[in-house]
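The structure appears below as structure tokens.
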Amino acid sequence: MPELPEVETIKNTLKELVIDKEIQDVTIHWPNIIKKPDDTELFRMMLKGQTFRDLGRKGKFILFYLDDYVLVSHLRMEGKYQVTPPDDPVDKHTHVIFSCTDGEELRYHDVRKFGTMHLFLKGEEFIHPPLNKLGPDPFENHFTFDYFYKKMKKTDRFVKIVLLDQAIVSGLGNIYVDEILFKAGVHPLSRASKLTKKEIRSIYEGCIETIDAAVKLGGTTIRSYVNSQGEMGMFQQNLFVYGQEDEPCQHCGQLILKMKVGGRGTHVCPACQKKRWYD
DNA sequence: GGAGTTGTTGTACC
DNA sequence: GGGTACAACAACTC
């Protein structure tokens with residue numbers, strides 16, 4: 001379940017491997033991955049002859065910049081890219097293969113088949129779903145405290161739900177939201193508008209610092225995540241609450257609790273993250 | 001075979 | 001019409 005730090009790591013390792021490669025052909029084993037254009041044969045024809053010029057990221061999306069198009073890819077829970085020689089045996093969970101003129105292949109692998117690909121003309125990627133309504137991610141200049149503070153103050157939703165809302169801040173998922181709230185000492189069921197300025201600042205800084213620290217460690221490896229070179233991230237050693245249910249809190253020793261918030265598994269230290277009576 | 005897993009989209013509602 | 005809640009959905013593992 002890659003979130004921003006894992007997607008950033010994948011993008012960076014993949015960039016070295018695919019840049020300047022020209023797509024000779026595209027083989028699609030599971031057409032449902034391709035959301036735009038509707039016609040997968042058109043998808044294939046558009047990509048033939050295009051060269052990878054650059055890679056980018058917005059929130060949890062990877063952007064492959066080609067000559068005339070941008071391929072927008074979301075890995076959802078288990079999507080992976082690998083670059084292989086063509087004689088490598090094709091795994092049954094490989095769904096899209098970009099065969100390049102130098103003989104190597106960029107393969108998209110996804111056990112769950114939940115991932116998506118959208119192909120746009122260059123320059124049009126941000127005016128259509130899925131990128132059109134995304135908020136800033138924590139690394140962008142316009143993710144300012146002032147912006148964040150106003151967004152938090154104008155909604156009564158649970159703070160955890162707000163942090164998961166990609167229109168407010170993009171790139172955060174279940175793991176990092178739980179960690180950010182723990183570090184800020186804020187209970188996930190707090191109403192966003194009721195938070196103090198100090199708490200909002202603490203969460204804001206946590207978004208930037210936690211994500212930055214996770215990127216520096218190559219992301220978090222739980223279950224199956226590895227980068228495009230098959231390496232695991234190391235941030236899982238820095239998790240305080242996610243996946244720590246029934247373990248003692250590293251700050252106070254109380255047992256970490258697992259609960260549901262908005263249907264999502266949520267990890268909380270009942271002592272460090274007090275829920276107040278007026279929340 | 002039912003529950004658990006997750007992020008996004010569509011829809012109904014106020 | 002904006003904000004919100006929630007169901008639906010994708011498909012696989014245990």
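A, B, ... follow the sequence lines: proteins, then strands. Residue 1 opens every chain.
Relative to the six-membered ring of A/F145, A/R201 meets both conditions, a distance below 6.0 Å and an angle of at most 45° to the axis.
Taking the six-membered ring where tryptophan is involved, the planes of A/F120 and A/H128 are essentially parallel, since the angle between them stays under 30° and well short of 60°.
Between the side chains of A/D110 and A/Y108, at least one donor-acceptor pair of N or O atoms lies under 3.5 Å. Defined by atom type and a distance below 3.5 Å, a donor-acceptor pair is present between the side-chain atoms of A/D178 and A/H267.
Taking the six-membered ring for Trp and the full ring otherwise, the centers of A/H142 and A/Y147 sit at least 6.0 Å from each other. Close placement of the A/F148 and A/F143 rings is indicated, their centers lying within 6.0 Å of each other. Aromatic ring centres of A/F240 and A/H251 lie closer together than 6.0 Å.
At a cut-off of 3.5 angstrom, the base of B/dT6 holds no donor-acceptor pair with the side chain of A/R112.
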How does each nucleotide of nucleotides 9-14 of chain B score, in 5' to 3' order, for protein heavy atoms under 4.0 Å: base (B), sugar-phosphate only (S), or none (-)?
-> S-----

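Backbone-only contact: A/D156 has heavy atoms under 4.0 Å from sugar-phosphate atoms and none from a base.
Residue A/Y242 has a polar side-chain atom (N or O) positioned under 4.0 Å from OP1 or OP2 of B/dT6. In this model, the phosphate group of B/dG7 is not approached by any side-chain N or O of A/H74 to a distance below 4.0 Å at OP1 or OP2. A sub-4.0 Å separation between OP1 or OP2 of B/dT8 and a side-chain N or O of A/Q166 is present.
First and last contacts of DNA chain C with chain A, using any nucleotide atom under 4.0 Å from a protein heavy atom and ordered 5' to 3', fall at C/dG3 to C/dC12.
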